[in-house]
Structures are given as structure tokens and as C-alpha cells.
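Inspection log for the structure reproduced underneath, given as C-alpha cells.
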2 protein chains.
Amino acid sequence: MSISAERKTAAERREAVLDAALDEFALRGLDGASTEAIAAAAGISQPYVFRLFGTKKDLFKAVITRCFRETLELFQRAAEGKRGPEALEAMGAAYMDEMLPDRMRLRGQMQAYAACDDPEIRDVVRNGYGDLVAYAERVSGAGPPEITQFFATGMLLNVIASMGVQDGGEPWASRLLAGCEKP
Amino acid sequence: MSISAERKTAAERREAVLDAALDEFALRGLDGASTEAIAAAAGISQPYVFRLFGTKKDLFKAVITRCFRETLELFQRAAEGKRGPEALEAMGAAYMDEMLPDRMRLRGQMQAYAACDDPEIRDVVRNGYGDLVAYAERVSGAGPPEITQFFATGMLLNVIASMGVQDGGEPWASRLLAGCEKP
DNA sequence: TTTGATTGTGAGTGATCACTACCTAAGTCG
DNA sequence: CGACTTAGGTAGTGATCACTCACAATCAAA
């Protein structure tokens, strides 16, 4: 080791790499991201990234898998003990409060959708998204119109975050955001 | 010239390159796309792409600029002679009918949002999207709730197309799509 | 203390790729 | 014809990058 940094368990390193990879992938995309940069941000050498995750694509899949899982957990926490429409409302509020400020996670989601031409990645995204929809339907008992509106609003928020217009700079964007709040 | 293909005007070649580039960028993204592949699909040599468009990023910007302009024109055609809520409805129907089947255009849009970390690209996307919102607001006279719902639905359709779940394979996706039709 | 597993790296490597420098052929007009 | 402009190509080039291989340091248990 170069300056003899502390040894960590492989599991800890994996988490660090996932954190670093989320940022890099969110900003530059699957192909634009550099494993060199990810390794540097995670504080390890670049070959070790490959030892831990196999290929760049596998790392990407691991990142979005974790991302979807955490989003599902966010929904579950928000809807805990609630049923029906108010569960949906709580989930929406939680998404606005916790997810919207986390630009990297939002952008990472967009990169995942954008990379869906690859069948392996598409499978991960489909499963992740499908789980979110299934949970929302189950806990809220709502049907197409409400569920669709819920997820449509979420996707609009993602796009707004991608464009970086959520800070009031663009009047039209502020109006779109205003329409996201429940009446 | 290799086998002496016909000479075309630069403007015609530019259109051919834009067509080819939309497909390549839509599938592989800004960084993943290869100018070699774009040139081949357009039927010219790779250096000529650079003579026509300068850099890969400039080509990407040209592609999404044209994409947004054509979407605006689609809206204008659909809303022609209409005002108020029915203009919005006609635009929505046109988007479903003409845009949804055009997978490349949808995916290209997603790639544009995903590439928004770059300031130049972000500007193009902001302007393009802002124009769409401004037109929808103006022609429909609608406010935040309706306009937001309109664009939110559009973004959900983009994501659904990205995931390739619009063909009835996934029940939850069919339910989401059902919720996109006006009640 | 030796053995074996685990954590980690330095030094490549072949491929790809955006982009350039320079050249050629085809139209066009006097 | 000759001069000029426009369309288009050939042949690189330097850089980047995903990924490999062989090796080293550290830990844990027998």
C-alpha cells in the first residue's frame, strides 16, 4: 500500500465504492463515468474496484439496485401504519422532502433510465420500478388514475432536478413545481 | 471518394447526420455514442461529421435542439385553432399518438436530460423545455395544476418508453398507462 | 510460527475514440 | 480552359480507459 492506509473489510469498501460510484454515474452516466475517478473518490486503487464489482456495468447495476431499494424503504417508512390515500400522500411528501434535495440520487435515476437499452440494466430498472409501483398500489389500494398521477409527478420532479431548475430561477419551472403539491 | 457515391449538398448531409445521430445518441447516450457509427449510418466518413458539426457535443446539442423544435411543432399542429382545455387535450393525444411510438425520440429526450450536468447542454434543454411549457400555458390558458399534470404525464411516458414496458408485458405498466388517458 | 485467507496495489495492455492535417475530386463560372 | 469553391476522403495521433496479472502486506487461527 502506498502510505499504508487502514485496512477495511471488503463490505465497507464496497459501500464506499457504491457511494462514490453514485456520484460519478449520476453526473457522467454509465459510459461517461471513469472507474479511475470512482476509485479515487472511494480512496482505493482502480483495480480493486474491479476485484470488488467485476465490471463497470455490474457496478452500475449494483448502484441502481441499492438506489431503488432505498427509495422503497423511504416509501415504507413514510407509509408506516397508514393505509389508503393518506399513505400515498405521505409517500409523496417524503419523496419531496428527502429525495428532491438529493440531486445525485435523482440524476442517478435518470442515468439508469437512459441506460435501459442494455438488457441487463433494463431488467434491474424494471424490477426496481415495478416493486415501487406494486408497493404503492398495495399500501394505498388506489387504482390507475391516482397511482399514475403519483408516479408521473415523481418523474417530472426527476426531470426538473436534472435540468437544475428547481431553485426558482425559471418562472415556468416554479409554476410546474407549484402544481406538484396536493390541492 | 471510395466508390464515388453521389455528391449531396452540405445541408442534406447535415440532415442525414442528425437522423443517424438521434438513433445512436438515443441508444448509447452522449458519451457512449460513437461518431464512427454515426458517420457510417449517415453514409459518410467520420471526419466529415466533424467538418459539418464541429464536435460531438455540438452535434448532440443540434440533435436535441431539433428534437425539441419538432415536439413544439407537433403541439402547434395539434392545438391549431383550439383554445383552453381542449387544446391541452389535443396536444396530449398527439403526444400519445405520434411521439410514443417513436422510441428513438423518447429515448433521445431521456439522454438529453441525463446529460444536463454539462452547462451547454443544460441550456439547450432548459430552453427547449421552457418553450414547450410556455406554449402549453399560453394556448391552453391553464394554470399549475393542469399544466403540471400534462407535463408530468409526458415524463412518465418517456420513462415507460425507456424501460420498454409499454407493450403490455408488465401488468403494473399497463395500469400506469391506463391512468394516462383522460377520464 | 507457519499456513491460508483476505485486503490491496503497481505496472501494464490492447482497444477505442474524438479530433486533426492534409489531400482530392467534383461542380461552377469567367 | 483555368480559377475558385464546395464536398468529401485517407491516414494518422495522442489520450483515455476498462480490465488483467502478478505480487505484496496484513490478519487469523492452528
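Residue numbers begin at 1 in each chain, while the letters A, B, ... track the order of the sequences. All values below were derived from every heavy atom in this structure, side-chain atoms included, with hydrogens, water molecules and symmetry-related copies excluded.
Taking the side chain of P47(B) as heavy atoms from C-beta on, and the options dG10(C), dG8(D), dT20(C), the nearest nucleotide is dT20(C). Each of dA18(D), dG9(D), dT7(C) was ranked by its minimum atom distance to the side chain of Y48(B); first place goes to dG9(D). Minimum atom distance to the side chain of S45(A) is reached by dT9(C), of the listed dG8(D), dT9(C), dT7(C). Listed candidates were dT6(C), dC22(C), dA25(C). Nearest to the side chain of R7(B) is dA25(C).
Listed for the R105(B) side chain is no donor-acceptor partner under 3.5 Å among the backbone atoms of C67(B). Under a 3.5 Å cut-off, the side chain of R122(B) and the backbone N or O of C116(B) do form a donor-acceptor pair. Using a distance-only test at 3.5 Å, with no hydrogens or angles considered, no donor-acceptor pair links the side chain of R107(B) to the main chain of L27(B).
Applying the side chain to side chain donor-acceptor pair (under 3.5 Å) test to every pair with at least one member in residues 36-50 of chain A, sequence neighbours left out, gives these pairs: T35(A)-Q46(A).
Annotation: the terminal axes of the helix from dT1(C)-dA30(D) to dG30(C)-dC1(D) meet at 0°, where each axis is the rotation carrying the C1' atoms of four end pairs onto the next four (5 pairs per end, rounded to 10°).
With rounding to whole Å, E6(A) atom CD is found 13 Å from dT26(D) atom P. Look at CD1 on I44(B): it is 15 Å from C1' on dT10(D), rounded to the nearest Å. In this structure, the CD atom of E12(A) is 10 Å from the P atom of dT7(C), given to the nearest Å. Regarding F50(A), its CZ atom lies at a distance of 16 Å from the P atom of dG10(C), rounded to whole Å. At whole-Å resolution of the value, CG in L52(B) and P in dC19(C) are 14 Å apart. dG10(C) atom P lies 14 Å from atom CZ of R51(A), rounded to whole Å.
F50(A) is linked by a ring-ring contact (aromatic ring centres under 6.0 Å, His included) to nothing, counting only residues two or more places apart in sequence or in another chain. In this structure, D23(A) has no salt bridge (charged side-chain N to carboxylate O under 4.0 Å, His left out) partners at least two apart in sequence or on a different chain. Taking the salt bridge (charged side-chain N to carboxylate O under 4.0 Å, His left out) definition, one finds that D97(B) meets it with nothing, sequence neighbours left out. Every residue two or more places apart in sequence or in another chain that forms a salt bridge (charged side-chain N to carboxylate O under 4.0 Å, His left out) with E98(A) is listed here: R77(A). With sequence neighbours excluded, the residues that form a side chain to side chain contact (heavy atoms under 4.5 Å, CB included) with V124(B) are K61(B), I64(B), T65(B). Not counting sequence neighbours, the partners of R103(B) by the side chain to side chain contact (heavy atoms under 4.5 Å, CB included) test are Q166(B), D167(B). The salt bridge (charged side-chain N to carboxylate O under 4.0 Å, His left out) test applied to R175(B) returns E137(A), not counting sequence neighbours.
Listed by residue number, the members of residues 116-123 of chain A with any heavy atom below 4.0 angstrom from DNA chain C form an empty set. Proximity of residues 21-36 of chain B to DNA chain D (heavy atom under 4.0 angstrom from any strand atom) is not detected for any residue. The stretch residues 53-60 of chain B comes close to DNA chain C through T55(B), K56(B), each having a heavy atom under 4.0 Å from the strand.
A salt bridge links D118(A) to K57(A): at least one charged side-chain nitrogen sits closer than 4.0 Å to a carboxylate oxygen.
For dG8(C), the OP1/OP2 oxygens have a side-chain nitrogen or oxygen of R13(A) closer than 4.0 Å.
Classified by interplanar angle (parallel below 30°, tilted 30° to 60°, perpendicular above 60°), the ring pair F60(B)/F25(B) is perpendicular. Note on ring orientation: taking the six-membered ring where Trp is involved, the planes of F151(A) and F75(A) are perpendicular (angle over 60°, cut-offs 30° and 60°).
Judged by distance alone with a 3.5 Å cut-off, no donor-acceptor contact links the side chain of Q46(B) to the base of dC17(C).
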